[in-house]
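Labels below follow one simple rule: chain letters A, B, ... track the order of the sequence lines, proteins then strands, and each chain is numbered from 1.
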Protein chains: 2
Amino acid sequence: MSSTQNKPNKNNKVSLAQIAKAAGVSKMTASRVLRDEGGFSESTRARVMAEIDRLGYVPNRLATVFAGDQRSTFVGVSIPELGNEIFAQVLEGIDRKLGAFGHQTVLGMTEHALEQEEKWLETVLSWQPAGLIVTGRSHTPKSIQLLSGAGIPLVEIWDFNSSPLDMSVGLNHFDSGYSMGRYLTGLGYRQFGYVGTSHDTANAASARLAGYAKVIGDSGGSLKKQLLLKDAPGFYTGYYGTEQLLAANSDVEVIYYQNDNMAVGGLNYCQKRGLSIPGDIGIAGWGDLPIASILPYRLTSTAVPHLRIGMIAAEMVLSQINGEARRRSQDVGFTLIPGSTVRSQLE
Amino acid sequence: MSSTQNKPNKNNKVSLAQIAKAAGVSKMTASRVLRDEGGFSESTRARVMAEIDRLGYVPNRLATVFAGDQRSTFVGVSIPELGNEIFAQVLEGIDRKLGAFGHQTVLGMTEHALEQEEKWLETVLSWQPAGLIVTGRSHTPKSIQLLSGAGIPLVEIWDFNSSPLDMSVGLNHFDSGYSMGRYLTGLGYRQFGYVGTSHDTANAASARLAGYAKVIGDSGGSLKKQLLLKDAPGFYTGYYGTEQLLAANSDVEVIYYQNDNMAVGGLNYCQKRGLSIPGDIGIAGWGDLPIASILPYRLTSTAVPHLRIGMIAAEMVLSQINGEARRRSQDVGFTLIPGSTVRSQLE
DNA sequence: TTGAAAGCGATACCAC
DNA sequence: GTGGTATCGCTTTCAA
């Protein structure tokens, strides 16, 4: 039984060959019609299209990619977690842009574990993706090897990286923590606290903490306590983290949080305790998250273009796929928001 | 040039044939070692593995699937939006479970548009996914045709559906809106408001609104205003939606929101305006979202197991793939949370 | 405008 | 234990 057969394949799925047979043309002609490649008559086209409709043909893109030795239209995207709305937004930015250009996001949740990233990478690469977007700049040696050898567009996001493996878009988290620390020391604060969550690996949040700690040390202040909770960085974690921190360090004057949601949790804890803000204690968050827009006061924070990071990353991958010139690395920066949850002037 | 060649392919990627050649065995033997299938000596195994490592071989799963005429390990997952943390959590539940069993999530954001779902479906099906999880129970005719003909496990989530196309897990949103409405009418409320967001299509939120409206009508109350904003259902939308609603309907006694985040936005607007809660106005949300855990009072709401819906959906797909018995449809239910942002007794 | 044949990278099947 | 050969569904290439 040779080329132009009409028996169904093992999956009982309609194949191009069956379409061709039914339309009375060769596989090649049917293939040309399908790709609208030209080189066929209108009547042929009509016949083939009719059969496609009638038989409910769904092309097997696996075979297409395979035959052409091309890449798929997949783009692998790894992010640490979805529960964290910051990353959900970054992902939304990526998928919106990718989807608009006919690409599909293959998701990889690493849960902040480099080994999980490595495992995911191996799998996703075996599907011949057209590009890769990964969160963070640190990877296992094996991951780096895979990433470098893949020969496809790669963007490392979130942490800005001036010498990326391929491309990068993000911001300097150390600087962002440093700038908040400097702002707060400038207001006369001396006794500092930090509440965040801990993960196995060096990550962006710990870079912010490092910058914060650095400027505090340099200016003669004291970072009384850095609390790293083993929990998701959300409202409630901020709430009970603040409770813990204040229970043991009642002299802390201001607390910096891993993000705004945790800060709002802390804020509410303080209010419940009857502490005045910023009179008794200062509160600073990070990320300028949606919740900040409805508080009765402006939360001291750092604004970051989450969605934009995702969109830019997707654009970088897409333009690289299309062989256009691209920017290797882009720093989207950050904006410190003074707010009213810390002192407004030097005391 | 026959079977055991060693020239690199067009993508400059290492193939099994090259590994085999380098190790001095046939492709088949190399393939067996790779799959740890048995039927080779330890020394052969060692030689092949060494070459795999040395050459940095990454298998081409496209070819594997193709050759075996199997399905891929992809599972297509469509959700309306990621910015909405409810769906982000559902997706997290799905991907965690799927990832643990060696499957990959191929994302599809439909932005609440049925046509976008249809377009995505066509694409994702061409990649021979092992299963499909889609949000919602309404689809275009073409989508239904594709879904029915796909011959792979399919779960419709979010809206519980007693006669799904294949399988379903979710809850009855109409009932959930009805139960809240009944609770509120039972407390003596008569003038009702609703604040949500609008989307083109019939969706779960509008089913809740319908249930709410139904019970209000039946009990002789009045749904003064149902405000459907063209915006994402977040904190700020709830805030300004409440402002709009109250400006035109000052006699409304209680407002039901599309979700807790919007309710908290409304709550903050009321507080800013100096309205007492629940004295001057009652507030009810939906979803029991994280923010509710840190408020100084319990938000009246409806608790729903978001993450669990995702996990169950993934489990349904997985067990179906593995040919195990499965449940066709599962109603995860909901729990009304009385809270303290509405009257506590009949007035 | 059309078609026949070769081949993409792996696996199934059968022979040795 | 090991290897040859056919094959998956499609595109590339070349010829008509």
Just list the side-chain donor-acceptor pairs under 3.5 Å for residues 308-321 of chain B, sequence neighbours left out, or say none.
| residue | atom | partner | partner atom | Å |
| --- | --- | --- | --- | --- |
| Glu315(B) | OE2 | Lys97(B) | NZ | 3.0 |
| Ser319(B) | OG | Glu315(B) | O | 3.2 |
| Ser319(B) | OG | Met316(B) | O | 3.3 |
| Gln320(B) | OE1 | Arg326(B) | NH1 | 3.0 |

#### Entry: Earlier contact from the 5' end, DNA chain D, for Gly39(B) and Ala63(B)
Gly39(B)

### Query
Is the backbone N or O of Ser31(A) less than 3.5 Å from a side-chain atom of Arg35(A), with the two atoms forming a donor-acceptor pair by type?
yes

### Query
To the nearest angstrom, how far is Glu37(B) atom CD from dT2(D) atom C1'?
12 Å

### Query
Taking the six-membered ring for Trp, are Phe74(B) and Trp127(A) parallel (under 30°), tilted (30 to 60°) or perpendicular (over 60°)?
tilted

### Message
What I want to find out is whether Glu92(B) reaches Arg96(B) closely enough, with some N-O distance under 4.0 Å, to be called a salt bridge.
### Response
yes

### Query
For residues 148-159 of chain A, which residue pairs qualify under side-chain hydrogen bond (donor to acceptor under 3.5 Å, both in side chains), counting only residues two or more places apart or in two chains?
His139(A)-Glu156(A)

### Message
Determine whether a donor-acceptor pair (N or O, by modelled atom type, separation under 3.5 Å) exists between the side chain of Ser168(A) and the backbone of Ser329(A).
### Response
no

### Query
Distance check: side-chain N/O of Ser41(A) vs OP1/OP2 of dT2(C), anything under 4.0 Å?
yes

### Rounded distance (Å) that lies between atom P of dG9(C) and atom CG of Leu55(B)
14 Å

Report all side-chain donor-acceptor pairs from residues 129-137 of chain A shorter than 3.5 Å, counting only partners two or more places apart or in another chain.
| residue | atom | partner | partner atom | Å |
| --- | --- | --- | --- | --- |
| Thr135(A) | OG1 | Ser78(A) | O | 2.7 |
| Arg137(A) | NH1 | Phe160(A) | O | 3.2 |
| Arg137(A) | NH2 | Asn161(A) | OD1 | 3.3 |

### Task
Please report, rounded to the nearest Å, how far the C1' atom of dC8(C) is from the CG atom of Leu62(B).
10 Å

### Euclidean distance, atom CZ of residue Phe66(A) to atom P of dA10(C) [Å, nearest integer]
8 Å

### Message
Taking 4.0 Å as the cut-off, does a side-chain nitrogen or oxygen of Ser31(B) come that near to OP1 or OP2 on dA10(C)?
### Response
no

### Query
What's the CZ-P distance between Arg71(B) and dC8(D), to the nearest Å?
17 Å

### Task
State which of dG3(C), dT2(C), dA10(C) makes the closest approach to the side chain of Val25(A).
dG3(C)

#### Entry: Leu82(B)/Gln89(A) under side-chain contact (heavy atoms from CB on, under 4.5 Å): CA gap, chis, key distance, verdict
CA-CA 7 Å; Leu82(B) 242 25; Gln89(A) 275 186 39; over 6 Å; no

### Query
Side-chain N or O of Tyr57(A) less than 4.0 angstrom from OP1 or OP2 on dG9(D)?
no

### Task
Kindly say if Thr64(B) contacts the phosphate of dA10(C), meaning a side-chain N or O under 4.0 Å from OP1 or OP2.
no

### Summary
Rounded to whole Å, CG of Asn60(A) lies from C1' of dT11(D) at a distance of 13 Å

### Summary
Contacts of Arg32(A) and Arg35(B) projected onto DNA chain C by closest heavy atom; the upstream (5') one is Arg32(A)

### Task
Return the set of residues passing side chain to side chain donor-acceptor pair (under 3.5 Å) with Thr123(A) (not counting sequence neighbours), or none when no residue passes.
none

### Task
Using whole Å, report how far CG of Leu16(A) lies from P of dT11(D).
6 Å

### Query
Choosing from dC13(C), dA10(C), dT11(D), which nucleotide comes nearest the side chain of Met28(A)?
dT11(D)

### Query
Would you say Arg47(B)'s side chain and Ala23(B)'s backbone share a donor-acceptor pair under 3.5 angstrom?
yes

### Near-strand residues of residues 43-54 of chain A, defined as heavy-atom separation under 4.0 angstrom from DNA chain D
none

### Touch class at under 4.0 angstrom, heavy-atom based, for Phe40(B) against every strand present
sugar-phosphate

### Task
Whole angstrom is fine here: how far is it from CG in Leu34(A) over to P in dT11(D)?
7 Å

### Message
With each end axis built from five pairs of C1' atoms, what bend angle do you get for the helix from dT1(C)-dA16(D) to dC16(C)-dG1(D)? Round to 10°.
### Response
30°

